[in-house]
Amino acid sequence: MDAQSATVPPAGVMTRLRSMLAGSSEASLTRRLAGTIFVIRVISAALAYVSQILLARWMGGSDYGVYVYVWTWVLLLGSMMDFGISTSAQKIIPEYRAAGEHALLRGFLSGSRWLTLVVSALVSLLLAGVVKLLSPWIEAGEIVPLYIGCLTLPAFVVANTQDGIARSYDWMRLGLMPQFIVRQSLIIGFTAGAFALGFHLGATAAMLASAAAVWIAMIGQMTVLNRRLGGNVESGPKAYDFHGWLAISLPILLVEGFYLLLSYTDVLVLQQFRPSEEVGVYFAVVKTLALVSFIHYAMSATTAHRFAEYHALGDKPRLAAYVAYAIKWTFWPSLAATVLLLAFGKPLLWLFGPQFVVGYDIMFIAAIGLVVRSAIGPVERLLNMLGHQHICALAYALSFVMNVALCVALVPRFGGHGAAAATSISLVFETVLLFWIVRQRLGLNVLPFGKGAAQRADS
């Protein structure tokens, strides 16, 4: 991957860092792109952290809990309503480019976005109807925020689709900054403006600000993406293979869907059994530990389309070396980030408000699952890109079912501690399943330890 690094003489920390990031090798390029993604996510986390702290202080515990509940639904449903196209784009686009299928490529670049926009708008209307039907059983303070959440979904879905397209061309900043930097900045600006003008900043006002931010960021991203694609994809006729796209995307949707359900089940179940104030505390803990998952996200977003490319070329040694590299650069930084966050957990939670410090011990329980999961790196993307998305979806489905069962069993009695324990146990179970699947299907030993990491099991 980066053989010249073995002969680099000892140097200072900054010199070593420059050496790691410089160069044109695959390893150097991956480090730069993953570093870009990680920096964007860290800045986004800081902005989100600031916004959550301000909202928690401005809104109060009850309204903040409602906002967290509705926004969690937006994140969950919005990430699933693109049919998995945001992820499959990183498989479809490299394959079209390698095969010279320019008409299909042009068709996918436009048709995928129209498809997700139209269908997500229809689904959002149906969801608004469901909220209307269930309104007698929904708390009064949640009804209007839920309607606003439905209005937010189409823009959220199209932004996800555009993110996948941009990443397939290594335009990481274009893919991520509108969603994670621009959107968060707008949310802070809109809510701060409303607070400064003396408006009551309840859950409804906060959701209106979030909806406006999502739509504005998506439209700006679309404008820039269209301009860049115009300079990189020659004009010509378009061909649309909706059946083929969905055949690839829908199994990936199952993987992404069960992963997201696994990620958000704890918050949603907690909302059903515990007070809104406790949901807010748990959400603050999750946000504090988000830095760990950002590392995994950065490597997944950077490597997925290269897994597909190397597999399409039939270059197995290159693929195995790249997988080993991705795993090591996921686990060790994740472990370091976890130790750092646990060390400074109390003051970080205090920023939300003194009452949030009670969630400090929950951090240790939740961190276990994140660290164990990072030990196998982005193998779910590897399976998806190499055509094993069905078995990967089954692994996530089993983990999700376990998480639901454990949350329902533990949350009513143990609250946030039970939610964290249920999620960590489920993540450990998921990690063991994925490790076994990759070893059996691909013959790879996907662990970051020792010289045999990610090499063929029979070698």
Side-chain angles (χ1 to χ4, degrees), residues 72 75-76 79-80 84 87 251-270 285-286 289-290 292-301 303-304 307 323 326-328 330-335 337-338 362-411 418-442 444-449 453-454 457:
T72 298
L75 295 175
L76 175 59
S79 300
M80 295 173 58
T87 300
I252 292 178
L253 171 63
L254 292 177
V255 176
E256 299 286 333
F258 283 122
Y259 171 75
L260 289 166
L261 288 170
L262 183 62
S263 301
Y264 294 119
T265 296
D266 48 1
V267 174
L268 298 177
V269 173
L270 199 63
V285 170
V286 172
L289 286 172
V292 179
S293 59
F294 290 167
I295 297 169
H296 184 277
Y297 178 88
M299 290 307 300
S300 298
T303 57
F307 291 156
V323 171
I327 292 170
K328 290 180 179 179
T330 301
F331 174 71
W332 296 111
S334 296
L335 180 61
T338 302
I362 299 177
M363 290 182 67
F364 289 85
I365 303 173
I368 295 172
L370 293 174
V371 172
V372 172
R373 179 63 185 81
S374 69
I376 58 172
V379 295
E380 77 287 347
R381 296 297 177 96
L382 175 68
L383 290 169
N384 288 338
M385 295 301 105
L386 270 59
H388 299 281
Q389 55 265 42
H390 294 86
I391 188 69
C392 187
L394 178 60
Y396 275 115
L398 293 174
S399 302
F400 165 66
V401 171
M402 172 180 281
N403 195 20
V404 172
L406 289 173
C407 280
V408 172
L410 298 177
V411 165
T423 302
S424 282
I425 293 171
S426 301
L427 286 174
V428 172
F429 176 70
E430 171 204 307
T431 301
V432 173
L433 277 181
L434 291 176
F435 173 83
W436 180 80
I437 291 169
V438 174
R439 189 179 180 89
Q440 294 297 315
R441 292 291 184 97
L442 305 178
L444 298 176
N445 181 24
V446 285
L447 285 176
F449 317 107

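Residue numbers count from 1 along this sequence.
- Taking all atoms of both residues into account, the shortest heavy-atom contact from A326 to F307 is CB-CZ, 4.5 Å.
- Contact record, F331 with A375: CD1-CA, 3.5 Å, taken as the closest heavy-atom pair.
- Put simply, CD1 on I365 and CD1 on I425 are 9.5 Å apart, with the number rounded to the nearest 0.5 Å.
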Check: residues 383-395 side-chain donor-acceptor pairs under 3.5 Å, at least two apart:
{"residue": "N384", "atom": "ND2", "partner": "E380", "partner atom": "O", "Å": "3.2"}
{"residue": "H388", "atom": "ND1", "partner": "R441", "partner atom": "NH1", "Å": "3.2"}

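- Under the side-chain hydrogen bond (donor to acceptor under 3.5 Å, both in side chains) criterion, E430 pairs with R373, not counting sequence neighbours.
- Within the 4.5 Å cutoff, the side chain of L398 has heavy atoms near those of the F429 side chain.
- The shortest heavy-atom contact between L289 and A366 is CD1-CB, 3.6 Å.
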Q: Evaluate the side-chain contact (heavy atoms from CB on, under 4.5 Å) criterion for residues L433 and Y396: first the C-alpha distance (whole Å), next the side-chain angles of each, then the deciding distance (0.1 Å), finally the verdict.
A: CA-CA 9 Å; L433 277 181; Y396 275 115; over 6 Å; no

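- Rounding to the nearest 0.5 Å places CD1 of I368 at 12.0 Å from OG1 of T423.
- Within the structure, the salt bridge (charged side-chain N to carboxylate O under 4.0 Å, His left out) test picks out the following pairs touching residues 381-408 (sequence neighbours left out): E256-R381.
- By the side chain to side chain contact (heavy atoms under 4.5 Å, CB included) test, V411 pairs with V269, L270, F273, R274, C407, A419, sequence neighbours left out.
- Remark: S334 engages V292, I295, T330, S374 in a side chain to side chain contact (heavy atoms under 4.5 Å, CB included) (not counting sequence neighbours).
- Between the CD1 atom in I362 and the OG atom in S424 there is a gap of 11.5 Å [rounded to 0.5 Å].
- F400 meets the ring pair (Phe, Tyr, Trp, His ring centres under 6.0 Å) test with F258; sequence neighbours excluded.
- Pairing each heavy atom of I252 with each of G84, the nearest pair is CG2-O, 4.1 Å.
- Residues that satisfy the side chain to side chain contact (heavy atoms under 4.5 Å, CB included) test with L76, not counting sequence neighbours, are W73, M80, L260, L261, Y264, L268.
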